[in-house]
Every structure is written in C-alpha cells, then in structure tokens.
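Everything below concerns the one structure shown next.
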There are 2 protein chains.
Amino acid sequence: MATIQDVAKLARLSRTTVSRVINHHPYVTDEKKRLVLKAMEELNYVPNSSARRLRKQQTETIAVYVPRITNPFFSQMVEVMGNHASEKGYQLILCQTSYSRNKEINYLELLKTKQVDGLILTSIENEWREIKPYLNYGPIVLCNEYNDDADIPTVYLNQVEGAYIGTRHLIEQGHTKIAYCSGDNSASRLAFDRFKGYKQALKEAGLEFNDKWILTNAFSIKDGKRIFRAIADMEDRPTAVFTGSDEVASGIWLEATNHYWSIPDDLAIIGFDDQPQAELIGLTTIEQPIDEIAKRAMGQMIETIENKLPIKKKEIQLNFQLIKRRST
Amino acid sequence: MATIQDVAKLARLSRTTVSRVINHHPYVTDEKKRLVLKAMEELNYVPNSSARRLRKQQTETIAVYVPRITNPFFSQMVEVMGNHASEKGYQLILCQTSYSRNKEINYLELLKTKQVDGLILTSIENEWREIKPYLNYGPIVLCNEYNDDADIPTVYLNQVEGAYIGTRHLIEQGHTKIAYCSGDNSASRLAFDRFKGYKQALKEAGLEFNDKWILTNAFSIKDGKRIFRAIADMEDRPTAVFTGSDEVASGIWLEATNHYWSIPDDLAIIGFDDQPQAELIGLTTIEQPIDEIAKRAMGQMIETIENKLPIKKKEIQLNFQLIKRRST
DNA sequence: TCAGACTATGAAAACGATTTCATGATTTCG
DNA sequence: CGAAATCATGAAATCGTTTTCATAGTCTGA
C-alpha cells in the first residue's frame with residue numbers, strides 16, 4: 001500500500017505539500033498540485049483512515065442505538081439516518097441493545113475509546129445517571145426517546161397528543177368502552193405520556209375509566225393474539241381498543257378474524273406507526289413522522305460535531321397524524 | 001483524556017509494560033500487573049482506538065452492504081450479523097446502497113482506506129469485475145447474493161430449488177396455469193436461478209409455458225397491485241401466481257381482495273420470505289433460513305480476518321422450506 | 001524604498017498506541 | 001557448574017497522517 005511518503009517522493013515534494021493537496025488547503029501552486037495528483041493517481045493512493053483519525057482526533061463515524069433493527073419503526077429511522085449521514089460524509093455504526101441494559105452500557109465504550117464522534121439513542125434501557133458520565137467523551141442526541149433529566153438535544157414526538165387523537169377518534173365513532181393496550185409500563189416517559197393522552201380524551205368526553213381495560217406487556221403479534229383472547233373473555237367487554245403498536249393491533253385483528261369477529265363492528269382497533277402491514281389489513285393507525293425525526297436528529301448530531309457546539313437541552317417536538325382505514 | 005503514558009507514569013513503569021497488561025501478554029509479574037490495573041482504574045483510562053488501529057493495522061469493524069435496511073429480509077440478516085459480530089468483538093458499519101451502482105462503489109472505499117477489516121455483500125449492483133480489484137485491500141464475503149465469477153466465500157440459498165418447490169406446490173394443488181412474477185430480470189444469477197426452478201417444475205409436469213404470464217419489475221406492494229390488475233385484464237388468465245417476494249404477493253392479495261376476488265379460489269398466491277405480514281393474510285410462502293445464512297457469512301468473515309486466510313471460492317448452500325397457509 | 005502582509009514550501013513534532021530489540025535476572029538441565 | 005532457555009522489563013522505532021513552526025520569496029502601499 002502506498003503511503004503519503006511514497007507520493008511525496010514520486011512527486012519530488014514534501015509530505016506536507018501532498019497533505020495540503022489532499023485537504024484542499026490554499027497556498028499550493030497549480031503546478032505542484034498537478035504533480036501531486038498525478039503521483040497519487042499513479043500509485044493508486046488513498047489516505048489511511050486510521051492515521052487520519054489519530055491525528056485529527058475525529059472519526060467521521062456516528063453510532064446509532066436501536067433495540068432491534070428488525071422492528072420496522074427503528075429500521076425506518078436507521079434508513080433515513082444512514083442516508084443522511086452518508087450524504088454528509090459520515091459512517092453509521094449500528095448498535096443493537098436488544099433491550100439489555102448491559103449491552104447498552106457496553107456499547108457506550110465506543111464513545112469513550114473514540115471509535116465514534118457521537119451517539120444517537122432511539123431508546124434508553126438504563127437510568128440517565130448511568131449514561132450521563134459518557135457525555136464527557138462526546139455528544140449524545142436523543143431521537144424518539146425522551147428524558148426529563150437529560151440536558152441534551154432531543155427530537156421527539158408529542159405522545160400525549162398521539163394517544164389523545166387516537167382515543168378521540170374512537171370516541172367520535174361512538175365508542176364509550178375503550179380498552180388501552182401498551183408495551184412496557186415502566187418508568188418510560190414515552191409510555192407515561194401516551195397513557196396520559198388516553199385518559200385526557202376519556203375525561204374530556206366524560207367517559208368511564210376502567211382498570212380492567214388496561215392491558216400491558218404488549219409488543220408483538222403474539223401478544224396481540226393473547227390480548228384478543230383476554231378481551232373476548234371479559235364479562236364487561238370494551239367495544240374498541242387503542243394499541244401502542246401496529247404489531248399488537250395486527251395480532252388482535254388476526255385472532256379476532258380467526259374467531260369470526262367482524263371488525264370494526266364487534267371490535268374497533270386502532271394501531272400505531274402505520275407500518276406496511278397496516279394498509280394490508282385496513283388498520284386505522286397513527287402515523288409517526290419517522291423520516292422527519294430521524295433527519296432532524298442526525299442533522300442535530302452533525303451540527304454539534306462540526307461546530308463543536310456545547311451539549312445542552314434543546315427540544316424539537318413533532319406531531320402525529322391519524323390515518324383512517326376500515327378497522328374503526 | 002489519559003493516555004498510556006500517563007498510566008505508565010503513575011504506575012512508575014514503562015508504556016511497554018502497560019501495553020502488555022492491556023493486551024494480556026505473558027511475562028508481567030502479578031505485582032506490576034496490579035500496579036498498572038490500579039493506575040488505569042484511577043485515571044479512568046481506556047486505550048484510544050484510533051492509535052490502536054493505526055499500529056495494529058486492523059479495525060475490528062466489518063461493513064455490511066444491503067440495498068435498504070427497511071426491507072425485512074435484509075434487516076433480519078443485519079440483526080443476526082450485528083449480534084454475532086458484537087459477540088466476537090466486532091463493530092458493524094451499515095452501508096445502504098439503495099440499489100445504486102454509484103453508492104456501492106463509493107462505499108467500497110471503506111475497504112481501501114482501511115476503515116473496515118472486511119466486507120459482506122448481501123446484494124451486488126455492479127459487475128463483478130468492478131468490485132474484484134478491491135479484494136487487494138481486504139476480504140469480501142457474499143451472503144445471499146451469488147456470482148459465478150467471484151472466487152470468494154459465498155453463503156447462499158438454492159434458489160432453483162426454492163422456486164421449484166413453490167411451483168410444484170401450486171401444481172399439486174391442481175393448477176395448470178401458473179404465472180411467474182419476479183423483481184429484476186437483470187443479469188442476477190439469483191433471479192435466473194429462480195426462473196430456472198419455475199420452468200423446471202412446469203416441464204416436469206408437462207405444463208404449458210406462457211410468455212404472457214411472466215411478469216417482471218415487481219418489488220413492492222404497489223407493484224403487486226399493478227400486477228393484479230394486469231392479471232385481471234388478461235384474456236387467458238392464470239389461476240395461480242408465484243411471486244419472488246411477500247411484498248409483491250401482499251400487493252396482489254390486497255388488490256384482489258379489494259376487487260372481491262376469493263383467494264385462493266379465483267387466484268392462488270404464493271410468496272417468498274415468510275415476512276411477518278405473511279401470517280396476517282394467510283399467505284403461503286417459502287421461508288428462507290435467514291438467520292442461518294447470516295450467521296454463517298459473518299462466521300466466515302471473522303474466520304478469514306483472524307486467521308488471515310487466503311480469499312478463495314467456498315460455497316455454502318442452504319435450503320428453503322415451504323409454509324402452507326390459506327392463499328393456496 | 002522599505003516595512004509589513006501574503007504566498008509557498010519543507011522539516012520536524014505530534015497524535016497514542018504496539019512491536020522490536022536489547023539487556024539482565026533467573027531457571028533449567030546435561 | 002556453566003551454557004542455554006526462559007522470564008521480566010524498558011528504550012526506541014513504528015504505524016501514516018496532519019499540524020506547527022521556520023524560512024524565504026513576492027506583493028502592497030505609504
């Protein structure tokens with residue numbers, strides 16, 4: 001492999017001048033520039049990125065944390081981020097935390113060992129105080145996830161409103177008994193906000209809030225099936241169900257259909273995300289502007305890196321949109 | 001940030017000894033090792049990865065090429081590869097080619113500039129001769145994609161057989177007029193092989209091959225819808241259709257259902273991949289052992305890197321499985 | 001015309017690790 | 001007991017760039 005030294009020798013110039021040409025510095029005569037370019041061409045030279053990283057103390061690489069890339073919500077986000085990063089000359093390192101606290105912490109070492117210039121988190125497994133110290137080693141941006149204590153740039157969606165418009169839509173369709181179905185009931189601000197939006201819509205309409213209609217631990221199609229059976233077994237059945245994800249909604253729909261229930265007459269279902277399958281089964285759902293938050297978060301990250309901005313709280317909040325289909 | 005020098009000074013030892021401790025070399029007394037560890041702890045030291053990369057001439061990073069990460073087939077592959085790589089101490093850089101020859105070539109510079117130790121390609125946009133020269137800079141492994149000219153490790157699926165068992169299944173259900181529907185009709189060996197499997201099944205059963213039933217350029221749900229309308233408009237209609245992807249099959253199913261066709265009575269549909277949506281709409285499909293090829297390909301890559309194996313042709317072929325559902 | 005600014009170049013330092021080489025000290029073994 | 005092998009350590013070279021500093025020539029303007 002040719003080095004900058006070889007190029008310099010062939011062009012009968014110094015390494016410095018070659019480096020200047022590579023980095024488009026001024027103060028190089030066209031004559032010498034031509035010589036350097038010719039030598040580079042001849043030797044098929046490209047600068048070694050490790051050496052460059054070491055000297056410049058930056059990697060032009062950004063790490064993106066997702067729970068699992070197979071989740072369409074996150075893969076959509078990563079697709080947009082990847083393209084945006086690539087346009088700006090950055091690489092993307094993919095970190096799958098698999099919902100594990102340990103893995104999340106392990107990946108944080110990437111920042112400490114200077115393998116990446118910054119981190120974008122789309123979900124957080126650990127408490128913020130576990131993550132905070134790593135801010136000493138580089139910028140962190142939150143995308144989708146939200147945390148009160150984290151004083152860093154945050155691009156997120158107004159979950160209260162998301163759940164609110166979904167629930168209100170069901171109310172407007174005449175439903176009064178509306179079940180609520182969510183993923184984790186943990187300390188996640190995200191889950192908390194959605195629940196708040198649901199309750200707010202009920203309260204506004206003067207509707208009953210029934211503890212038994214709150215179903216948790218729902219993530220997958222399989223969970224959705226389980227939840228349908230739970231609903232079917234209830235004495236006082238809800239007539240509509242709000243879900244926190246299209247997967248769960250699909251599972252409910254599937255099992256309901258298998259039991260010859262008519263949707264939405266026997267049960268109205270509303271999903272979340274507008275994933276491809278939603279169109280297939282005619283699922284009413286709440287669309288998240290994924291492309292938008294992904295692009296904003298990546299933009300924020302690159303700006304922070306390039307202008308060496310101080311890390312501080314900066315909230316960008318975006319809104320949802322309801323997509324009405326046959327399931328409600 | 002503390003450097004190895006700082007650690008050495010604090011421990012009153014040389015850089016060399018500190019380095020030995022970090023890299024678990026023998027010939028360090030327990031006494032000194034303890035001193036070093038203590039100093040590292042005290043200074044909160046971690047080795048700088050850029051310096052390490054430069055000196056060791058390796059990056060512990062692998063690039064994975066996919067067309068788009070949002071395609072469930074590829075995101076599944078990347079999920080498995082990511083986890084496998086992480087277990088072995090490697091990072092994953094995600095390269096989305098977006099089906100563009102240019103982008104593919106651009107990303108190849110990663111190998112040349114030594115930003116990654118190796119490349120896994122899950123699809124190829126350019127001719128092999130465009131890619132081959134990059135083998136001088138590091139190993140390349142093919143996963144899913146196949147190319148006759150490429151003398152490199154290749155993990156792939158027996159596409160001939162895949163299409164064959166799908167088509168034969170339709171024949172066994174009594175169909176004699178079977179349409180065939182595929183993505184690109186390019187020089188891709190993958191597409192060629194599938195077509196071969198389809199024709200082979202027809203021929204074995206002594207069935208007619210009809211040019212008009214060969215539909216191309218089908219990738220998305222939208223394409224599937226278009227294809228349904230094309231089929232519906234035919235004078236001599238097929239009674240079953242073999243598709244190269246679940247997305248396309250879903251599109252056909254969706255549009256057919258919207259037109260009140262009964263599946264499979266009016267039209268039998270078979271998909272490819274067994275994506276989550278296939279279960280939802282009861283799509284018969286051909287399952288690919290994605291986890292298996294992903295794991296094998298990554299294993300092959302790491303083995304090649306670590307044992308500095310010469311790059312040579314090595315084929316690993318795996319088989320498909322038919323999943324029967326309601327659409328046939 | 002001469003001081004200061006600007007242009008053009010190269011030598012050498014710096015980035016932060018690992019590896020090679022050299023040197024003793026200690027152990028092994030015929 | 002003495003030579004060879006093994007253990008333990010550090011100084012210095014090395015990986016391949018970019019950056020700083022020094023130097024010298026050329027312009028510019030009062």
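These values consider heavy atoms only, across backbone and side chains, with no hydrogens, waters or symmetry-generated copies. The shown structure was predicted, so the numbers you read here are calculated from the model rather than taken from an experiment.
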Distance, rounded to the nearest Å, where [X] contributes [atom1] and [N] contributes [atom2]:
X       : N      : atom1 : atom2 : answer
A:Tyr27 : D:dG25 : OH    : C1'   : 14 Å
B:Lys33 : D:dA8  : NZ    : P     : 10 Å
A:Arg52 : D:dC15 : CZ    : C1'   : 16 Å
B:Gln5  : D:dA11 : CD    : P     : 10 Å
A:Leu43 : D:dG16 : CG    : C1'   : 15 Å
B:Leu13 : D:dG10 : CG    : C1'   : 10 Å
A:Gln57 : D:dT19 : CD    : P     : 11 Å
B:Ile4  : D:dA13 : CD1   : C1'   : 15 Å

Is the distance from OP1 or OP2 of [N] to the nearest side-chain N or O of [X] less than 4.0 Å?
X       : N      : result
A:Ser19 : D:dT17 : no
B:Lys32 : D:dT9  : yes
B:Gln58 : D:dC15 : no
B:Thr29 : D:dT9  : yes

Original post:
Does a distance-only test, which skips hydrogens and angles, find a donor-acceptor pair under 3.5 Å between the side chain of A:Arg55 and the base of D:dT18?
Top reply: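 By the distance-only test, yes, there is a pair.
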Original post:
Do B:Arg53 and D:dG16 share a donor-acceptor pair, side chain to base, under 3.5 Å?
Top reply: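 Such a pair does not exist between side chain and base.
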Original post:
Which heavy atom in A:Tyr45 sits nearest to a heavy atom in A:Ala2, and how many Å separate them?
Top reply: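 Reported closest heavy-atom pair: CD1-O, 3.4 Å.
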Is there a donor-acceptor contact under 3.5 Å linking the side chains of [X] and [Y]?
X        : Y       : answer
B:Thr61  : B:Arg53 : yes
A:Glu104 : A:Tyr99 : no
B:Glu125 : B:Tyr65 : no
A:Ser19  : A:Thr16 : no

Subject >> A:Asn48, nearest nucleotide to its side chain (from D:dT18, D:dG10, D:dG16) >> reply: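 So the nucleotide nearest the side chain must be D:dG16.
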Subject >> Side chain of B:Thr16 - closest among D:dC21, D:dT18, D:dA11 >> reply: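 Looking only at heavy atoms from C-beta outward on B:Thr16, the closest nucleotide is D:dA11.
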Original post:
How is B:Thr17 classified with respect to the nucleic acid when contacts are heavy atoms under 4.0 Å: base, sugar-phosphate, or nothing?
Top reply: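 Answer is sugar-phosphate: B:Thr17 comes under 4.0 Å of backbone atoms only.
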Subject >> Flag, side chain of A:Asp117 to backbone of A:Thr59, donor-acceptor distance under 3.5 Å >> reply: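 Indeed, once roles are kept as given, a pair shorter than 3.5 Å links the two residues.
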**OP:** Return yes if some donor-acceptor pair links the side-chain N/O of A:Asn71 with the main-chain N/O of A:Phe73 below 3.5 Å, else return no.
**Re:**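 Yes: the side chain of A:Asn71 pairs with the backbone of A:Phe73.
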Original post:
Mapping B:Pro26 and B:Leu54 to their closest nucleotides on DNA chain D, which lands nearer the 5' end?
Top reply: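 It is B:Pro26, whose closest nucleotide lies nearer the 5' terminus.
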**OP:** Would you mind telling me which residue lines up with the more 5' stretch of DNA chain C, A:Arg15 or A:Val28, judged by nearest nucleotide?
**Re:**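 Closer to the 5' end of DNA chain C: A:Val28.
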**OP:** Compute both the distance and the angle, then confirm whether B:Lys313 meets the cation-pi test with B:Tyr146: under 6.0 Å from the six-membered ring centre, within 45 degrees of the axis.
**Re:**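 The answer is yes; both the distance and angle limits are met.
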**OP:** Considering only heavy atoms of chain A and a distance under 4.0 Å, specify the first and last nucleotide of DNA chain C in 5' to 3' order that meet this criterion.
**Re:**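 The protein-touched segment is C:dT7 to C:dG16.
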